[in-house]
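From a predicted model like this one, the values you see are computed outputs, not experimental measurements.
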Number of protein chains: 2
Amino acid sequence: MLTATHNQILRAIGASGPVTRTELVARTGLSKAAMSGLTRELIEAGLVHETDTVGGQGRPSAMLDMRPEGAYFIGVSMLTDPAIVALADLKGNIVARLTMPRDTDPERFAQDLGKVVPKLLEMVPAAREHLNGIGVALSGLIDQAQETCIESTLLGWKDVPLARLVHKAVGLPTYIENDAKALALSEKLFGSARDMQNFTVVSLGDGIGCAHFIRDQLHRGAHGGAGEIAHSTIEPNGLPCRCGKVGCLDTIASVYAQLALANDQGIEAKTLSDIETAATRGSAQAIALLHRAGNALGLAIANVIQINDPEMVLITHQEPAFSGLFATVVKQAIENNVLPRLSGRTPIRSQKLSDDVWARGAAGIATHNFLLGFN
Amino acid sequence: MLTATHNQILRAIGASGPVTRTELVARTGLSKAAMSGLTRELIEAGLVHETDTVGGQGRPSAMLDMRPEGAYFIGVSMLTDPAIVALADLKGNIVARLTMPRDTDPERFAQDLGKVVPKLLEMVPAAREHLNGIGVALSGLIDQAQETCIESTLLGWKDVPLARLVHKAVGLPTYIENDAKALALSEKLFGSARDMQNFTVVSLGDGIGCAHFIRDQLHRGAHGGAGEIAHSTIEPNGLPCRCGKVGCLDTIASVYAQLALANDQGIEAKTLSDIETAATRGSAQAIALLHRAGNALGLAIANVIQINDPEMVLITHQEPAFSGLFATVVKQAIENNVLPRLSGRTPIRSQKLSDDVWARGAAGIATHNFLLGFN
DNA sequence: ACACTAAGTACAGTAGGTGAACTATTCAAG
DNA sequence: CTTGAATAGTTCACCTACTGTACTTAGTGT
């Protein structure tokens, strides 16, 4: 069994890639003696291994890193139909994946999952005895305990205790999480925000999601609603939104909205690139549309920066690259709407979402809880 | 000397008013045995005392509470000229206060403070041996270490290591903090947010300030800029702001801006109440102005709620009451701009600022660090 | 070959907790 | 008024997880 200190060390290794014991001593504030014993135990448990030795003067130091095969987690993405069920190792590599129908009846879905998981384990038998948890990512509001879906418009759920149902069917520690928050977790654990304590992820897709890491933990908010920028008001007299309000960011800048607006104006577009192409060819409507959308997203991100002052903002996107007019306008709008003395100090990064990101993020929910010692 | 556990218990007592040992056991997760010994030590140290005993069936329980005379802190408010220097006890009562010129030369100010502090202590001699720290509240950006003022427009400062200077002159642990954050601290330690882990304070005064408590700690942000909603863009094509941007909340809804806008339009107003009175008498301009300001502030607060989903938002004000047209519009605007499924779930409270609040908040900076064990 | 440097380990000692049995102080029933 | 049940708080032996110090290990520089 792992103690809180074991977990602390695991998190430090996870955050700082391969590290020496001496570096871990500095980071955690533990003594060399304690570190020696605790790392040995982690190595014996198969969670950590020495990858390399680097030498300067004196005895060379051994680099410690997570051992991928040390623990496995199952990630379920309910963002698509069919849902994706993936088996990920401790470093977030997806070693097996299956799909299953996204039954919106929670009981049946949990039952189905109970049948799919064994199939997944057959594909990687070694994972069976190191399986440590299961995470489910879905769109909607999730409670603090990561147990109940308070509300999901997409799935038509209200107060569904999905984690309990899945736990009963699969028999593993189960945690559920909002999609944007799962994505942030994935970036924190495996991606470009590994060594950051405070950052924000904005996911640009059919909808717009957003999640914050604050002091090394996901910030859920009092009702699981932290990060719901998709429905912050950008145009006080704008278009009605399916949420019931008016002028939400979602009605202007989501990929879905942009495409709908484009097609309304006679620009044939199936992806954002199509609108960009039209703009490059001189379509005034396309240019105006991209400006409007970019300004909206930029303003919303500027608000996040002003309110939370993160170390970094990561914009994730589906298109091959975050470039072109839209990206330029977004960045410009952020710059223009952030306090001059703060602007430019907050790096804005962008990253294409790979196909596996959601499933990896879902597995990351379980990984995160494992590293926090919740099991 | 206090251990981390002592401090944890002190914080729990501070947050939950008079509490029984048994309740503390439940809150902290410590054993009865540990609690027994640790509370005795806190009582012996004079930091805690038994106030009352309440009985049901069984042995009556003793209520533990902070002992005001157990520790004293000095709070310096640089928000006014002259600056206010106050001596506060562990419960935030101000037991002595003096004023001193607000010299904007940091060295000289620290020197002056070095002379004022002994005078303050003469007024309450008992405080001398229990003095535990000094906090300075000022408007501007403060670094994470609460040591350096990164920038203050009001004082004309840039990268001023004020805490070091004051520490040298006064010889006490010194922390500096932004005014809005000090106010939030004051509410957390002594006010209406004692038992909350996540809340936001919005201070409406000549300027507009804002600060967040997240997971029981002040959220400063990567550059000390968390909460700077005064300069979030509300009207993309609005008035120029002294910050260099355009359409900032500050140019519409701060008391200063409202009064300036009113007088520009021929409404003679020295306080917000004067504008309210004009509105009551049917002045279309006054009504429009209050609507505009209220909508702006409401939208900004709605953004905070959507982004951080706090347990509560506290609006502090200078006027005798937060009522009238402006308050109504603010509340309505919050309601209108927050996701319907979240709105109404976030209590909006308001509170009049007393005269001592800033000095108490400044002292609270030191109290907070004392309770965190930083000294 | 030798000193020097830095990484990592062994081991006794210790601080800060736990669990179980105890005492203290009340209410309620007979 | 006694007795028992209920709850609060204390005592004490024990244990765990850490620290400090002295050591070993494994390289570099001369």
**Student:** Is any side-chain heavy atom of B:Glu147 closer than 4.5 Å to one of B:Ile176?
**Tutor:** no
**Student:** I'd like to know if the side chain of B:Glu311 and the backbone of B:Gln197 have a donor-acceptor N/O pair within less than 3.5 Å.
**Tutor:**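 Yes; at least one donor-acceptor contact below 3.5 Å.
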**Student:** Could you check whether any side-chain heavy atom of B:Ser192 comes within less than 4.5 Å of a side-chain heavy atom of B:Gln351, counting everything from C-beta outward?
**Tutor:**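 Side chain of B:Ser192 against side chain of B:Gln351, heavy atoms only: contact under 4.5 Å found.
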**Student:** Just to verify, which of A:His212, A:Gln146, A:Gln144 counts as forming a side chain to side chain donor-acceptor pair (under 3.5 Å) with A:Arg220?
**Tutor:**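 It is A:Gln146, the one option of A:His212, A:Gln146, A:Gln144 that forms the side chain to side chain donor-acceptor pair (under 3.5 Å) with A:Arg220.
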**Student:** Measure the acute angle between the ring planes of B:Phe199 and B:Phe213, then classify it against the limits of 30° and 60° as parallel, tilted or perpendicular.
**Tutor:**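 Judged by the thresholds at 30° and 60°, the geometry between B:Phe199 and B:Phe213 is parallel.
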**Student:** Taking any atom closer than 4.0 angstrom to a non-hydrogen atom of chain B, what span of DNA chain D does the protein reach, first nucleotide to last?
**Tutor:**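 So the contact region on DNA chain D extends D:dA6 to D:dC12.
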**Student:** Quick one: what's the B/S/- string for nucleotides 8-18 of chain C, heavy-atom cutoff under 4.0 Å, read 5' to 3'?
**Tutor:** BBBB----SSB
**Student:** Examine distances only and state if a side-chain atom of A:Arg360 and a backbone atom of A:Gly92 form a donor-acceptor pair shorter than 3.5 Å.
**Tutor:** yes
**Student:** Give a yes or no on whether a salt bridge exists between A:Glu50 and A:Arg67, defined as a side-chain N under 4.0 angstrom from a carboxylate O.
**Tutor:** no
